[in-house]
Amino acid sequence: MLATALVSFREGVEAFLIVALTFAYLRKSGRVALTPAVYAGTAAGIALSFVAGWLFSQADNQPLWEGLLAAIAAAMVLSMVVYMQRNARTMRSDIAASVETAAARTGIGAFAGVFAFVLLMIVREGMETALVITTLARETGRGDMLAGVLSGVALAGTLAWAWARYGQRVDLRRFFQVTSIFL
């Protein structure tokens, strides 16, 4: 249960940060009309992540898939830790640049660009979560797994609320350095 709680918390926080920074940039740049694209991209990303998790759990030849998914999940976590250590200080500006590129279009193109950016970022986090939790599900009972995921998401939601209220005081570089150590 603790392992699934930590995975869902960590990935939930990452996904929330992407969404929060996208909202902040849209507000700051006067593109508040594009916020529905962020909501839609987030919802679609979460739905796709759940579908991926379900598909992974239904795969035939479970031992083969278990080993393959464990190797992929380990590689993703390791690459993410290395990436965070190298890029934590520029992450906010990188996200802002990506949103600017997506929002620079007009009309439906801007909506589609912001939607696609958020969808891809959420699905990336969701797929990583689905891969790791699918491999952990083989080790724990489904009740423990569900409790871990729900508690991790609840903690991430609590942090999301705190971030929305006090986020301007958080040093993102230090935050990502500390959380990557926990991984």
Side-chain angles (χ1 to χ4, degrees), residues 5-56 76-77 79-81 83-84 86-133 149-180 183:
L6 287 174
V7 168
S8 61
F9 172 71
R10 169 73 169 138
E11 299 306 321
V13 167
E14 283 185 41
F16 168 74
L17 286 176
I18 292 164
V19 171
L21 292 173
T22 303
F23 275 130
Y25 183 77
L26 290 175
R27 283 188 201 108
K28 184 178 178 180
S29 65
R31 295 183 173 121
V32 179
L34 292 174
T35 57
V38 178
Y39 289 118
T42 301
I46 290 169
L48 281 173
S49 298
F50 275 107
V51 168
W54 181 80
L55 287 174
F56 290 147
M76 288 180 80
V77 170
S79 66
M80 190 258 319
V81 168
Y83 174 80
M84 292 303 228
R86 291 184 181 166
N87 298 309
R89 112 177 39 105
T90 62
M91 190 165 212
R92 182 179 297 212
S93 60
D94 292 346
I95 291 173
S98 296
V99 173
E100 176 61 34
T101 301
R105 301 176 187 103
T106 57
I108 193 72
F111 183 93
V114 172
F115 173 84
F117 169 75
V118 172
L119 174 69
L120 290 173
M121 298 306 285
I122 298 296
V123 167
R124 185 181 70 83
E125 299 302 332
M127 291 296 286
E128 187 176 334
T129 305
L131 286 168
V132 174
I133 289 178
V149 169
L150 291 176
S151 62
V153 169
L155 257 121
T158 302
L159 183 64
W161 171 83
W163 187 282
R165 183 146 174 107
Y166 307 108
Q168 70 277 6
R169 299 178 190 167
V170 176
D171 178 6
L172 282 181
R173 179 176 184 225
R174 177 84 55 213
F175 174 80
F176 284 123
Q177 286 173 336
V178 169
T179 58
S180 67
L183 282 175

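Numbers here simply count residues along the sequence, with the first being 1.
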Taking side chain to side chain contact (heavy atoms under 4.5 Å, CB included) as the definition, give me every residue that meets it alongside Leu48, ordered by chain and number, with sequence neighbours left out.
Leu119, Val123
Exactly one candidate in Arg124, Arg10, Glu11, Glu14 meets side-chain contact (heavy atoms from CB on, under 4.5 Å) with Thr129; the answer is Glu11
Looking only at heavy atoms, which two atoms of Phe111 and Ala40 are closest? And how far apart?
CZ-CB, 4.4 Å
Which residue pairs pass the salt bridge (charged side-chain N to carboxylate O under 4.0 Å, His left out) test with at least one member in residues 35-46, sequence neighbours excluded?
none
Contacts of type ring-ring contact (aromatic ring centres under 6.0 Å, His included), residue Phe115, not counting sequence neighbours
none
Output the distance between atom OH (Tyr39) and atom CG (Leu34), rounded to the nearest 0.5 Å.
13.0 Å
Heavy-atom pair with the smallest gap, counting every atom of Ser8 and Gly152
OG-CA, 3.2 Å
When rounded to the nearest 0.5 angstrom, what is the spacing between OG1 in Thr22 and CG in Leu26?
6.5 Å
Taking the ring of Phe16 and the ring of Phe23, is the distance between their centroids below 6.0 Å?
no
Of all pairs that satisfy salt bridge (charged side-chain N to carboxylate O under 4.0 Å, His left out), the ones with a partner from residues 29-50, not counting sequence neighbours
Arg31-Glu100
Any pair with a residue in residues 40-51 that passes salt bridge (charged side-chain N to carboxylate O under 4.0 Å, His left out), sequence neighbours left out, goes on the list, sorted by first then second residue, please.
none
Could you work out, with ring-ring contact (aromatic ring centres under 6.0 Å, His included) as the rule, every residue matching Phe50, not counting sequence neighbours?
none
Side chains of Val38 and Thr42, heavy atoms from C-beta outward: is any pair under 4.5 Å?
yes
